[in-house]
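Side chains are part of it too, since the values below use all heavy atoms of this structure and drop only hydrogens, waters and symmetry mates.
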Amino acid sequence: MNVKHWATSSTGAAGESTPLSWLDWVRYGPFLAQLIVTRRCNLACGYCTEYDKTSDPIPLPILQQRLEKLRQLRTWALALMGGEPTLHPDLLPILDTMKRLGFRRRMLTTNGLLLTPELIAGLNQHGLTDMSVSVDGIKRNATTVKVLDTLKTNLEHLARTARFQVVLSAVIGSTPREEVLEVVTFAESQGFAPRLLLLHDAHGQIGLSPAQRAVYAEVKAKLGRQAKEAHDYRDRLLQDGAAPFRCRSGARYLYIDEFGMVRWCAQTRTAFGKNLLEYTRDDLHHHFYTSKSCSDACSVGCVRTASAYDQWRSQRVPDVTPPVCPAHDSTHMRSEQ
């Protein structure tokens, strides 16, 4: 992939050069953004649609420009995503930039295969606050090698030395019941925060068999409060086939692809797109109130969680657009420190 294919233009007339006001952030600003740093992955899991084997890592200066824009929008938590983000040669400088800009939570989702002692030490030193690893089972199969037999040594070292929070997820849909339970038991034994994930298709839809649903219920009961999710959406999806909610993607949640385009989520990459560097307060306001036709059957947990805070609010656009806070006047603004 050629560098010229990445969006690198500075914020122009269509964008805003001053930080989003705190008032507007409370109204509809981003709680979580997921930023693709490379689409390349060192695995080829049979269920995954979010990787390739050819893309170059996005150059550090371009990522820094995107990070600055996300902080201008007052993004609270930022997760580095892929592909496999630990393949990026400038991963630690990216984290340095995130820390310097003041993101409160600096997160990373990884398959865990490249978690060497040296990399874990670097992540500690450069300010990572949260890591997510999902383990598909115990033994390799035709679908995945992202299993405990492959990852156990790396994960045990991670448990001993990481100074950041680690969420270890068991995945239902790719492995037998006994292996799911063993992954959960391993997570608890290592002091990781255990989590439960359900495989979904390329459109974010769940299609579990009756046996897999039974495993989900069993493991959820085992985890208790740790398995709590936004408005029990998974149970509603499994029982009723729909769990309507007011999706706030494009506002509370931002997904930024490798080309620097804001998408509603990874599963709707063709439904909407706008250059992050041109994203404004008006875009946040618009997408906060935009109804998405896919929302009732959505199983994308990060979107559900980021939207949960505002479920009491209507998705009808207010008759009067909220006035611009005086802080939007450049004479009243201060740069982020």
Side-chain angles (χ1 to χ4, degrees), residues 16 19-35 69-79 81 102-107 109 129-130 132 167 195 197-198 200 203-206 225 227-237 240 242-256 261-269 271-274 276 279-325 327-328:
E16 295 174 338
L20 187 73
S21 74
W22 281 112
L23 179 59
D24 285 336
W25 182 82
V26 169
R27 285 171 170 153
Y28 36 72
F31 293 156
L32 170 66
Q34 293 183 328
L35 178 67
K69 177 63 179 183
L70 286 167
R71 193 65 189 114
Q72 181 194 108
L73 295 174
R74 296 197 186 274
T75 304
W76 180 262
L78 178 63
M81 309 287 289
F103 292 97
R104 301 293 182 169
R105 294 179 66 186
R106 301 173 292 278
M107 310 162 74
T109 296
T129 63
D130 300 83
S132 296
V167 174
R195 186 183 172 204
L197 297 180
L198 309 182
H200 57 67
H203 305 289
Q205 312 299 301
I206 295 175
R225 291 179 60 85
K228 186 178 180 181
E229 60 214 15
H231 303 294
D232 294 320
Y233 74 91
R234 287 177 179 162
D235 286 343
R236 294 159 59 206
L237 285 174
D240 306 327
F245 78 114
R246 292 167 178 168
C247 178
R248 311 295 182 174
S249 61
R252 293 302 193 199
Y253 166 83
L254 303 176
Y255 177 90
I256 299 92
M261 301 295 287
V262 179
R263 310 290 184 180
W264 283 339
C265 67
Q267 285 69 42
T268 58
R269 278 178 274 173
F272 161 73
K274 182 171 181 177
L276 171 66
Y279 220 68
T280 68
R281 165 187 174 274
D282 289 341
D283 292 309
L284 295 170
H285 178 265
H286 173 75
H287 290 285
F288 184 93
Y289 289 106
T290 297
S291 296
K292 288 83 173 178
S293 61
C294 50
S295 63
D296 286 3
C298 173
S299 66
V300 183
C302 48
V303 178
R304 292 263 184 181
T305 301
S307 301
Y309 174 82
D310 297 287
Q311 289 308 287
W312 61 275
R313 295 173 65 181
S314 170
Q315 210 151 19
R316 181 180 65 83
V317 179
D319 293 334
V320 179
T321 301
V324 176
C325 174
H328 277 289

- Can you find a pair of side-chain heavy atoms, one from S307 and one from R246, that are under 4.5 Å apart? no
- Mind checking whether T280 and H285 have side chains closer than 4.5 Å, heavy atoms only? no
- Do side-chain atoms of R104 reach the backbone of A77 as a donor and acceptor pair under 3.5 angstrom? no
- Query: Where do T268 and C294 come nearest, in terms of heavy atoms and distance?
  - Reply: CG2-SG, 3.9 Å
- Item | Cation-aromatic face contact R248/Y28, 6.0 Å, 45 degrees | no
- Item | Identified side chain to side chain contact (heavy atoms under 4.5 Å, CB included) counterpart of F245 within the set V303, D310, D296 | V303
- Considering non-hydrogen atoms only, spot the tightest contact between T75 and L32 and give its length. CG2-C, 4.4 Å
- In Å and rounded to the nearest 0.5 Å, what is the SG to CE distance from C302 to M107? 9.5 Å
- Are any side-chain N or O atoms of R105 and backbone N or O atoms of L78, one a donor and one an acceptor, separated by less than 3.5 Å? no
- Can you name the ring-ring contact (aromatic ring centres under 6.0 Å, His included) partners of Y309, sequence neighbours left out? F31
- Task: Please check if atom CZ in R195 has more than 12 non-hydrogen atoms from other residues, nucleotides or ligands closer than 6.0 Å.
- Result: no
- Rounded to the nearest 0.5 Å, how far does CZ of R71 lie from CH2 of W76? 8.5 Å
- Nearest heavy-atom approach of A243 to R304 is O-NH1, 2.6 Å
- Query: Are any non-hydrogen side-chain atoms of Y233 and C298 less than 4.5 angstrom apart?
  - Reply: no
- Do you know which two heavy atoms are closest between R27 and R252, and how far apart they sit? O-NH2, 3.1 Å
- Task: Kindly give the heavy-atom pair with the smallest separation between L20 and R281, and that separation in Å.
- Result: CD1-CB, 3.8 Å
- Step-by-step side chain to side chain contact (heavy atoms under 4.5 Å, CB included) determination, D283 to V262: CA-CA 10 Å; D283 292 309; V262 179; over 6 Å; no
- Exam field: side chain W25 to backbone P30, donor-acceptor pair closer than 3.5 Å: yes
- Query: Given the rule in the side chain to side chain contact (heavy atoms under 4.5 Å, CB included) test, do M81 and Y255 qualify, once you have shown the distances and angles that lead to the verdict?
  - Reply: CA-CA 10 Å; M81 309 287 289; Y255 177 90; 5.8 Å; no
- Which word best sums up how the rings of F272 and H287 line up, parallel for under 30°, tilted for 30 to 60°, or perpendicular for over 60°? tilted
- Between the side chain of Y279 and the main-chain N/O of G250, is any donor-acceptor distance below 3.5 Å? yes
- To the nearest 0.5 angstrom, please state how far the CH2 atom of W264 sits from the OG atom of S295. 9.5 Å
- Query: So, does Q34 use its side chain to make a donor-acceptor pair with the main chain of Y253 at under 3.5 Å?
  - Reply: no
- Query: Could you state the interatomic distance from CG (L73) to CG (L254), rounded to the nearest 0.5 Å?
  - Reply: 7.0 Å
- Query: Can you tell me how far the CD1 atom of I256 sits from the NZ atom of K69, to the nearest 0.5 Å?
  - Reply: 11.5 Å
- Task: Before giving the answer on side chain to side chain contact (heavy atoms under 4.5 Å, CB included), spell out for L284 and D24 the whole-Å C-alpha distance, their side-chain angles and the decisive distance to 0.1 Å.
- Result: CA-CA 9 Å; L284 295 170; D24 285 336; over 6 Å; no
- All heavy atoms of C247 vs all of Q315, minimum pair found to be O-NE2, 2.8 Å
